[in-house]
Amino acid sequence: MAAGTYETGPADPSLPGLLRRVKSLAKAYASLVVVDARHAVHQIIEVLCVAIVAAVLVVTAWLAFVVAVAGWLLADGVSWPGVLACAGLINVVAAALAGTWLWRQLKHNPPLAATLRQVEGEPPRGDIP
């Protein structure tokens with residue numbers, strides 16, 4: 001029998017034959033789990049790589065936006081300290097908006113909520129997807 005294949009011959013009604021088929025089936029399932037886990041790892045790596053590239057592009061776009069606002073302010077005659085203060089203010093406002101969004105997300109759906117309810121002995125809620 002080749003590695004990673006399931007024995008499909010005629011059924012052997014004896015106990016050793018049954019044990020051999022169970023062992024073969026267990027090996028086949030173990031091989032499937034290993035192959036599936038490897039595939040999942042490759043998918044996770046791909047997703048992380050794309051997320052990193054997207055994050056770099058978003059940061060680059062944000063910096064280009066802030067520089068464009070700074071250039072526009074400089075062209076209108078605003079001093080360098082005023083331009084830098086405006087750029088800093090834009091970043092603080094954006095960070096506050098992102099933090100508020102994250103706070104609301106975590107408040108609405110905290111991490112490990114189901115596990116905490118289980119440990120605390122609360123009954124399960126029906127609104128969990």
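Keep in mind that the numbers below use all heavy atoms, side chains included, and drop hydrogens, waters and symmetry copies.
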Problem set entry | Sequence neighbours excluded, every pair satisfying side chain to side chain donor-acceptor pair (under 3.5 Å) that has a member inside residues 51-68 | W62-N91
For this session: Any chance you could measure S79, atom OG, to L84, atom CG, to the nearest 0.5 Å?
Result: 8.5 Å
Problem set entry | Pairing residues for W72 by the side-chain hydrogen bond (donor to acceptor under 3.5 Å, both in side chains) criterion, not counting sequence neighbours | none
Exercise. Linking I/L/V/M/F/W/Y whenever their side-chain heavy atoms sit closer than 4.5 Å, directly or via other members, would V66 and V69 fall into one cluster?
Worked result: yes
For this session: Please list, chain by chain and in numerical order, all residues satisfying side-chain hydrogen bond (donor to acceptor under 3.5 Å, both in side chains) with Q43, sequence neighbours excluded.
Result: H39
Exercise. When clusters are formed from ILVMFWY side-chain contacts under 4.5 Å, directly or step by step, what else is grouped with W103?
Worked result: none
For this session: Would you please name every residue forming a side chain to side chain contact (heavy atoms under 4.5 Å, CB included) with V93, sequence neighbours left out?
Result: L89, L97
For this session: Please identify each residue that fulfils side chain to side chain contact (heavy atoms under 4.5 Å, CB included) with I45, with sequence neighbours left out.
Result: V41, C49
For this session: Report the hydrophobic cluster partners of V50, with the cluster defined as I, L, V, M, F, W, Y residues connected by side-chain heavy atoms closer than 4.5 angstrom, directly or transitively.
Result: none
For this session: Would you kindly confirm whether L74 and F65 end up in one hydrophobic cluster when ILVMFWY residues are joined by side chain heavy atoms under 4.5 Å apart?
Result: yes
For this session: Look at the side chain of S24 and the backbone N and O of R20, then say whether any donor-acceptor pair between them is shorter than 3.5 Å.
Result: no
For this session: Identify, with sequence neighbours excluded, every residue that meets side chain to side chain contact (heavy atoms under 4.5 Å, CB included) alongside V78.
Result: L73, V83
Exercise. In the hydrophobic clustering (ILVMFWY, side-chain contacts below 4.5 Å, transitive), which residues join V67, or is it alone?
Worked result: none
Exercise. Between I90 and W80, is there a shared hydrophobic cluster once you connect ILVMFWY residues whose side-chain heavy atoms come closer than 4.5 Å?
Worked result: yes
Exercise. Who pairs with L106 by side chain to side chain contact (heavy atoms under 4.5 Å, CB included), at least two apart in sequence or on another chain?
Worked result: L102, P111
Exercise. Other than V58, which residues form its hydrophobic cluster under the rule that side-chain heavy atoms must be closer than 4.5 Å?
Worked result: none
